[in-house]
Amino acid sequence: MQDFIQNFVQPHFNYWAYVIVMMIGFWALIAKRNLIKKLIGMSIFQSAIILFYVSLGVKDGATIPIIDHHQPAPIHEVSQEGHDAHYNSHGEEEAHHHKPVAAEFVNPLPHVLMLTAIVVGVATLGVALAVSQSIYKDFGTLEEHEILEQIKTGDFHD
Amino acid sequence: MEHFNIVILVLLVITALLALRVKDLLSASMIFGIYSFLICLLWAEMGAVDVAFTEAAVGAGVSAVFLIATVYNTKRRSSD
């Protein structure tokens with residue numbers, strides 16, 4: 001059991017948490033009866049999927065994907081070829097610039113994809129909340145079972 | 001940094017459950033805002049700074065405002 005936790009749970013804790021949080025959101029979408037609660041569950045579901053994608057880009061010992069031209073101090077020494085001092089147009093020696101090595105940076109591609117996913121998520125939430133306000137105006141309630149009851153008996157004003 | 005990550009992920013699960021558990025919808029919205037800020041912190045720690053500040057502005061700010069506006073225009077109590 002100790003072995004299992006050290007080898008499987010702790011190094012991949014992001015993925016375990018992502019599965020748990022996603023299933024919490026899915027449970028809320030199915031089992032909760034209030035429409036606002038369902039929408040909070042939908043947002044939790046979306047952010048869990050974003051958590052999965054961002055976790056894919058993480059590397060050990062890597063820094064944020066921005067090339068720093070002023071401070072060449074690396075997080076850790078990876079490169080043998082990184083120390084060629086080069087000259088600018090005036091012939092002065094610049095400081096020891098590291099060539100950017102891909103292993104030093106986290107993978108930015110999932111981040112860019114998830115940036116659009118966040119914006120799409122908030123747009124979905126906004127439209128869904130507008131629709132539930134309109135439902136409240138027609139039915140006078142936000143509870144799913146009461147709305148279904150009113151639709152079945154046909155006593156609502158639109 | 002590993003432990004920081006684990007603490008935030010555990011808090012994330014707790015706030016997600018709490019936001020769905022609370023019967024007062026205004027409290028649920030605020031706890032959902034806390035959830036968004038926690039996940040924003042997690043992304044800053046994981047090196048996704050662009051995602052982090054988009055989440056802080058859009059996820060925690062605008063989503064919470066939308067939810068609170070809807071709660072004020074409708075009912076504050078929830079049956080579950």
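Just so we're on the same page: letters track the sequence lines, and every chain starts at 1.
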Query raised in the report: Can you list the steps and then say if B/V13 with A/V21 is a side-chain contact (heavy atoms from CB on, under 4.5 Å)?
Result: CA-CA 6 Å; B/V13 173; A/V21 172; 3.7 Å; yes
Among [options], which residue forms the greatest number of heavy-atom pairs with chain B at distances under 4.5 Å?
options: A/N107, A/V54, A/I20, A/T141; value: A/V54
options: A/L115, A/L142, A/I44, A/V119; value: A/I44
options: A/E143, A/K59, A/M114; value: A/E143
options: A/S47, A/A28, A/G126; value: A/S47

So which part of [X] gets closer than 4.5 Å to some heavy atom of chain B, the side chain, the backbone, both or neither?
X: A/A31; value: backbone
X: A/I50; value: both
X: A/I24; value: both
X: A/L35; value: neither
X: A/W16; value: neither

Query raised in the report: side chain to side chain donor-acceptor pair (under 3.5 Å) between B/Y35 and A/S43: does it pass, once the steps are laid out?
Result: CA-CA 10 Å; B/Y35 170 89; A/S43 284; over 6 Å; no
Is chain A contacted by the side chain of [X], its backbone, both, or neither, given a heavy-atom distance below 4.5 Å?
X: B/I39; result: side chain
X: B/L42; result: side chain
X: B/V58; result: both

Report summary line: Counting heavy-atom pairs under 4.5 Å with chain A, the top scorer among B/V10, B/T74, B/D50, B/L17 is B/T74
Report summary line: From the list B/V71, B/L25, B/V49, the residue making the most non-hydrogen contacts under 4.5 Å with chain A is B/L25
So [Y] and [X], do their side chains get closer than 4.5 Å, heavy atoms only?
X: A/Q46; Y: A/T124; value: yes
X: A/K32; Y: B/L20; value: yes
X: A/F105; Y: A/I64; value: no
X: B/F32; Y: B/L67; value: yes
X: B/S79; Y: A/H145; value: yes
X: A/Y136; Y: B/K75; value: yes

Report task. Over all heavy atoms of both residues, which pair between B/R77 and A/N34 is shortest? Give the atoms and the distance, please. Result -> O-ND2, 4.1 Å
